[in-house]
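Keep in mind it's a predicted model, so treat the numbers as computed, not measured.
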Amino acid sequence: MGEADQIRIEALVEDARVHRDVYASEAVFKLEMERIWGRAWLYVGHVSQVPAPGDFITTTLGLTPVVMVRHTDGDTVHVLQNRCGHRGAIVCYQRSGHAKSGLFRCPYHGWIFRSDGSLRTTPSPRGYEDVGFDRDDPAFGMPRLPRVGIYRGFVFASLSETGPDLETFLGETRATIDNMVDRAPDGEVEVTGRVGHRFRHRNNWKFFIENLHDAMHPMVAHAATGDAVRQYVEAHPDTDDGRPEAEVIAPFGGSYDFFDEMGFVGLPLGHGYMGGSKSIFSHYEMYPDYLASMHAVYGEERTREILSYNKHNTLVYPSCTVRDGIQSIRVVKPVSVNETVIESWTFRLKGAPQDMLDRTLRYSRLINSPASCVGPDDLSCYDRIQEAAETRAIQWIDLHRHLGRDEQHGDTLTAIGTSDLALRNQYRAWLDYMVVD
Ligand SMILES: [Fe+2]
């Protein structure tokens, strides 16, 4: 990047608008992979996905394919580049599996790697004797990612050797992860199923995370869904049948006031959340067995504290969004400038009765799945903007709403829920990552 390009990046983001190139330029996407996705801590998976030595999952961090594996010591979880140190071929194509004896074998020339990424053997080793080949050189292994961190079972990794440590990076978003885990009577959560929902979006990765805190769209984009739920609830006033579904969907037809009161909190590094004490999923009296098990472990007061903490999507910028109250994580996987895969993972609260898992899965089915009532509404909106950006039908995307009305508390900015602060806060971080001094 020359100086001229540097200036161009800075020119893409203004206080109240962003240029269409942030969604449509391949050069910008390439730089994002390097400067944002190549530096931030990125969500990899949960330790429960690799319970036994040799268990692994594969995923991508930005455009980098990786393997998360439980090492043969039984304790360590390694995140390795899914690349053979010989010629760079992808080693594991399965999404998850078990490496027998903790060994990975490249399908091309049969180089074998240990679960810490080190090279164990090459076939016909004579060819490498006395030729200056050092088997112990990590360059010939499956390289370990420079930094791996685990927070309460959630595994993150960074492609960069430098930067803040994981806890500092997560900052206040840790409280959302804490709350999700604290909701388990046994104090732990675990992933359900071997694969999360995968939802392929033919548009730029930023639309999904921008939409998480866009409170001006539900009453328009999801109007039909909200109306249908309201009619259902009115038709069934005295029965609990169907109420759980209504509880999930009703807020998507919420009013402007409802979302304004929920509020938005913009944190450093692009992180942020809506809600706090008021969101959805707060009627725990319909789950008496769960309440009883929580009371037994935590007592009534602490249980009330845990269950009344209820945020509506906590964004850990740029790679995932966490919902404590419904135990789900959605993971952002950019593929190209106009293609993204969003994965939804659901978690079981250990020690909680089955109906709590049912409600988590219900949410996933009704809101996050490609066949849901809500997700496709959003997708069609992102597609329309992507098309406008690519065809140059527009130059700028507007972010004026409630500009200049944010409240500053230390390094945190707050606003009413329908403010565009949510987007402006992300672009503040975007610029910080993208413009390198
Ligand atoms: Fe939406």
Side-chain angles (χ1 to χ4, degrees), residues 37-39 41-163 165-166 188 190-191 193-196 319 331 333 343 345:
W37 294 78
R39 291 159 74 198
W41 284 95
L42 307 173
Y43 180 68
V44 185
H46 189 265
V47 290
S48 61
Q49 291 172 276
V50 290
D55 286 352
F56 70 88
I57 62 158
T58 60
T59 182
T60 48
L61 301 179
L63 300 181
T64 304
V66 300
V67 183
M68 178 175 96
V69 57
R70 175 80 61 173
H71 189 38
T72 42
D73 69 4
D75 267 348
T76 322
V77 172
H78 286 300
V79 181
L80 315 174
Q81 283 202 37
N82 192 0
R83 294 281 178 201
C84 174
H86 180 208
R87 300 213 177 156
I90 296 258
V91 176
C92 292
Y93 275 99
Q94 298 141 277
R95 288 202 191 287
S96 64
H98 176 77
K100 207 174 158 199
S101 308
L103 298 175
F104 294 106
R105 182 171 180 269
C106 177
Y108 193 4
H109 298 98
W111 284 31
I112 292 176
F113 305 93
R114 301 183 187 92
S115 53
D116 60 2
S118 60
L119 174 61
R120 180 171 177 262
T121 46
T122 59
S124 187
R126 271 183 311 147
Y128 291 105
E129 283 165 16
D130 304 322
V131 294
F133 179 80
D134 177 6
R135 170 188 314 280
D136 297 326
D137 183 342
F140 296 122
M142 292 170 71
R144 286 213 291 267
L145 262 68
R147 292 185 298 159
V148 176
I150 301 179
Y151 186 75
R152 298 201 73 175
F154 296 88
V155 182
F156 290 81
S158 171
L159 294 157
S160 165
E161 283 171 16
T162 57
D165 62 32
L166 177 60
E188 279 182 350
E190 63 183 359
V191 160
R194 286 162 63 92
V195 186
S319 74
V331 185
K333 297 188 164 187
E343 280 184 359
W345 293 90

Non-hydrogen atoms of [X] and [Y] that approach each other most closely:
| X | Y | result |
| --- | --- | --- |
| Cys106 | Ala89 | SG-CB, 4.1 Å |
| Ser115 | Thr72 | OG-N, 3.1 Å |
| Arg83 | Pro143 | O-CD, 4.1 Å |
| Leu166 | Ile150 | CD2-N, 3.8 Å |
| Thr121 | Leu119 | O-CD1, 3.6 Å |
| Gly153 | His46 | O-CD2, 3.1 Å |

Would you say Asn82's side chain and Val67's backbone share a donor-acceptor pair under 3.5 angstrom?
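Looks like no, no N/O pair under 3.5 Å.
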Just by distance, do the side chain of Arg114 and the backbone of Gly102 share a donor-acceptor pair under 3.5 Å?
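No: the side chain of Arg114 does not pair with the backbone of Gly102.
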Looking at [X], I'd like to know if its [atom1] atom is crowded, meaning that more than 12 non-hydrogen atoms belonging to other residues, nucleotides or ligands lie closer than 6.0 Å.
| X | atom1 | value |
| --- | --- | --- |
| Arg95 | CZ | no |
| Phe133 | CZ | yes |
| Glu161 | CD | no |
| Arg152 | CZ | yes |
| Arg147 | CZ | yes |

When rounded to the nearest 0.5 angstrom, what is the spacing between [atom1] in [X] and [atom2] in [Y]?
| X | Y | atom1 | atom2 | answer |
| --- | --- | --- | --- | --- |
| Leu159 | Arg39 | CG | CZ | 12.0 Å |
| Leu61 | Ser158 | CG | OG | 9.0 Å |
| Ile112 | Met142 | CD1 | CE | 12.5 Å |
| Asp55 | Met68 | CG | CE | 9.5 Å |
| Trp345 | Tyr43 | CH2 | OH | 8.0 Å |
| Thr58 | Ile90 | OG1 | CD1 | 8.5 Å |

Listed by chain and number, what are the side chain to side chain contact (heavy atoms under 4.5 Å, CB included) partners of Arg144, not counting sequence neighbours?
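Expected list: His78, Leu80, Asp116.
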Side chain to side chain contact (heavy atoms under 4.5 Å, CB included) with His109: which residues, sequence neighbours excluded?
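For His109, the residues satisfying side chain to side chain contact (heavy atoms under 4.5 Å, CB included) (neighbours in sequence not counted) are His86, Arg87, Trp111.
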Taking the side chain as everything from C-beta on, heavy atoms only, tell me whether Ser319 gets closer than 4.5 Å to Trp41.
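No. Closest side-chain heavy atoms not under 4.5 Å.
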Apply side chain to side chain contact (heavy atoms under 4.5 Å, CB included) to Cys84 and Phe113, showing your working.
CA-CA 9 Å; Cys84 174; Phe113 305 93; 3.6 Å; yes
State which residues pass ring-ring contact (aromatic ring centres under 6.0 Å, His included) with Phe56; sequence neighbours excluded, sorted by chain then number.
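Phe56 satisfies ring-ring contact (aromatic ring centres under 6.0 Å, His included) with Phe104 once adjacent residues are dropped.
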Run the numbers on Val47 and Val155 for side chain to side chain contact (heavy atoms under 4.5 Å, CB included), then give the verdict.
CA-CA 7 Å; Val47 290; Val155 182; 3.8 Å; yes
